[in-house]
Each structure stands twice: as C-alpha cells, then as structure tokens.
Amino acid sequence: MGFPKKLGQISITDYNPYNPGMPKAGPGVKLTGTVASHGERLIRGTLTIERQINPSELPKPMGLPLIHLRHFPSLVPGAKPSVCELVRLGAVNKQSDPVAWAGSGELTFLPSDLEEHMPLAPSGGIIGAYWFRNGYTFDGAEVLHDYTTDWK
C-alpha cells in the first residue's frame with residue numbers, strides 16, 4: 001500500500017501519564033524516537049512540548065484520507081504491471097484523544113553503510129513537532145485510477 005517494507009526497529013518514548021516517575025505531559029517534556037535497522041541507528045527525532053492544542057489544529061495532511069499507489073510488477077519481463085492503482089484508503093470508527101501536544105522538534109539522520117535513507121533527510125528545517133494518539137478501523141479502499149488500463 002505504499003508503506004515501507006523494510007525490517008527495522010522503531011523505539012519511542014512510552015509516555016504513561018499514570019507512571020509517577022514521569023513528568024506530567026506539558027511544556028518542557030521531551031519525547032524521543034529512534035529508527036534502527038541491522039543494528040545501526042538511522043534516525044533520531046525529538047519533540048520538546050511547548051503547548052497543548054486541539055487535534056483539529058494538527059497540520060495537514062493529518063486527518064485527511066491516505067492516498068497510495070499500489071504497484072505489483074509483472075512476473076513476465078517487459079509486460080505491464082499486474083497491479084498499478086491509485087487508491088484512497090478508508091477509515092471508520094475514528095477516535096482520538098481530545099488533546100494533542102505541539103512544540104519544537106529535531107530530526108537527525110545518521111549515515112549508514114547498509115541503508116540509503118539520507119536523501120529523505122529534511123533540507124528546509126523542522127517547522128514543528130506533534131504528539132497525539134488516535135486510532136481507526138481500516139474498512140477497505142477505493143480505486144481512484146487503474147493505470148494498467150492506460151499501459152501501452
């Protein structure tokens with residue numbers, strides 16, 4: 001569906017407001033996440049919370065439908081793809097906390113001998129960082145366009 005399919009490990013601050021050893025969520029709290037693969041740390045991101053916001057204030061595209069390109073090459077050399085579709089994913093039973101947090105962020109991409117992720121590093125700076133919880137049920141997708149019908 002367009003999501004990366006690489007083996008790796010993602011670690012994020014497991015913020016638990018009921019843990020008495022953790023500071024109360026709010027300005028000054030720092031949350032951290034890392035991405036690693038094959039034992040190499042690849043990306044480190046941090047959020048320093050500055051203010052509480054309503055989830056409706058999250059920047060777009062948060063809350064908008066997800067659009068993906070489904071592509072499955074043919075097993076026959078030179079043939080058109082078996083699948084090449086532009087799809088919009090569905091979502092029902094959407095839920096989120098009534099509060100989200102916004103602040104400043106840092107994102108550090110670390111070089112690797114095995115991965116080719118450096119071209120994805122931000123080049124224009126970080127404009128903000130956000131922490132929120134939400135969930136939904138995936139109820140299927142709508143095919144917006146089937147590119148195999150256009151294939152020559």
Side-chain angles (χ1 to χ4, degrees), residues 1-16 25 30-152:
M1 298 296 260
F3 293 112
K5 309 288 191 295
K6 304 240 353 158
L7 293 177
Q9 303 78 41
I10 298 172
S11 301
I12 58 173
T13 301
D14 185 14
Y15 186 80
N16 182 345
K30 189 172 190 176
L31 306 173
T32 302
T34 60
V35 175
S37 181
H38 308 293
E40 286 186 308
R41 190 168 6 166
L42 303 172
I43 304 169
R44 182 175 188 273
T46 61
L47 157 65
T48 302
I49 293 175
E50 295 169 356
R51 65 193 180 285
Q52 178 179 315
I53 63 171
N54 185 298
S56 66
E57 298 174 69
L58 289 167
K60 300 299 181 215
M62 299 309 302
L64 296 178
L66 296 175
I67 307 293
H68 290 278
L69 181 65
R70 288 182 1 116
H71 180 261
F72 296 90
S74 174
L75 295 175
V76 178
K80 72 178 184 177
S82 298
V83 175
C84 190
E85 299 172 331
L86 187 67
V87 297
R88 177 184 7 231
L89 300 187
V92 295
N93 303 323
K94 297 177 188 178
Q95 298 180 41
S96 65
D97 284 341
V99 168
W101 299 98
S104 57
E106 295 178 18
L107 199 55
T108 304
F109 278 60
L110 305 163
S112 167
D113 292 329
L114 302 172
E115 300 295 337
E116 299 174 344
H117 64 294
M118 295 303 285
L120 299 173
S123 60
I126 305 297
I127 58 173
Y130 303 88
W131 186 83
F132 60 97
R133 294 186 298 187
N134 69 353
Y136 62 91
T137 301
F138 171 63
D139 67 341
E142 172 190 0
V143 176
L144 301 174
H145 188 77
D146 181 352
Y147 291 99
T148 62
T149 61
D150 303 338
W151 214 268
K152 304 280 187 238

Contact summary for [X] and [Y], nearest pair of heavy atoms:
| X | Y | answer |
| --- | --- | --- |
| L114 | S112 | N-OG, 2.8 Å |
| G45 | L107 | CA-CD1, 3.9 Å |
| P65 | L89 | CB-O, 4.5 Å |
| H117 | L110 | NE2-O, 2.7 Å |
| A91 | Y136 | CB-CD1, 3.5 Å |

Between [X] and [Y], is any pair of side-chain heavy atoms under 4.5 Å apart?
| X | Y | value |
| --- | --- | --- |
| P81 | S74 | no |
| K94 | S96 | no |
| F72 | C84 | no |
| L31 | T46 | no |

Output, in order, the C-alpha distance, side-chain angles, deciding distance and verdict of side chain to side chain contact (heavy atoms under 4.5 Å, CB included) for E50 and S104.
-> CA-CA 7 Å; E50 295 169 356; S104 57; 3.1 Å; yes
Please check if the number of heavy atoms outside [X] that lie under 6.0 Å from its [atom1] is greater than 12.
| X | atom1 | result |
| --- | --- | --- |
| I10 | CD1 | no |
| E106 | CD | no |
| E142 | CD | yes |

Main-chain N/O of [Y] paired with [X] side-chain donor or acceptor, under 3.5 Å:
| X | Y | answer |
| --- | --- | --- |
| D97 | V99 | no |
| N134 | Q95 | no |
| H145 | V87 | no |

Show your reasoning for whether side chain to side chain contact (heavy atoms under 4.5 Å, CB included) applies to T148 and V83.
-> CA-CA 7 Å; T148 62; V83 175; 5.8 Å; no
Output the distance between atom [atom1] ([X]) and atom [atom2] ([Y]), rounded to the nearest 0.5 Å.
| X | Y | atom1 | atom2 | answer |
| --- | --- | --- | --- | --- |
| R44 | S11 | CZ | OG | 12.0 Å |
| I12 | L47 | CD1 | CG | 11.5 Å |
| L120 | I43 | CG | CD1 | 7.0 Å |
| T13 | K30 | OG1 | NZ | 10.0 Å |
| E115 | L42 | CD | CG | 5.5 Å |
| Q52 | W101 | CD | CH2 | 4.5 Å |

With distance as the sole criterion, is a donor-acceptor pair present between the side chains of Q9 and S37 under 3.5 Å?
->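 There is no such pair between these side chains.
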Test item: side-chain donor near acceptor, D139 and T137, under 3.5 Å =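 No donor-acceptor contact under 3.5 Å links the two side chains.
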Check the pair Y147, L69 against side chain to side chain contact (heavy atoms under 4.5 Å, CB included), reporting the backbone distance first and the verdict last.
-> CA-CA 10 Å; Y147 291 99; L69 181 65; 4.1 Å; yes
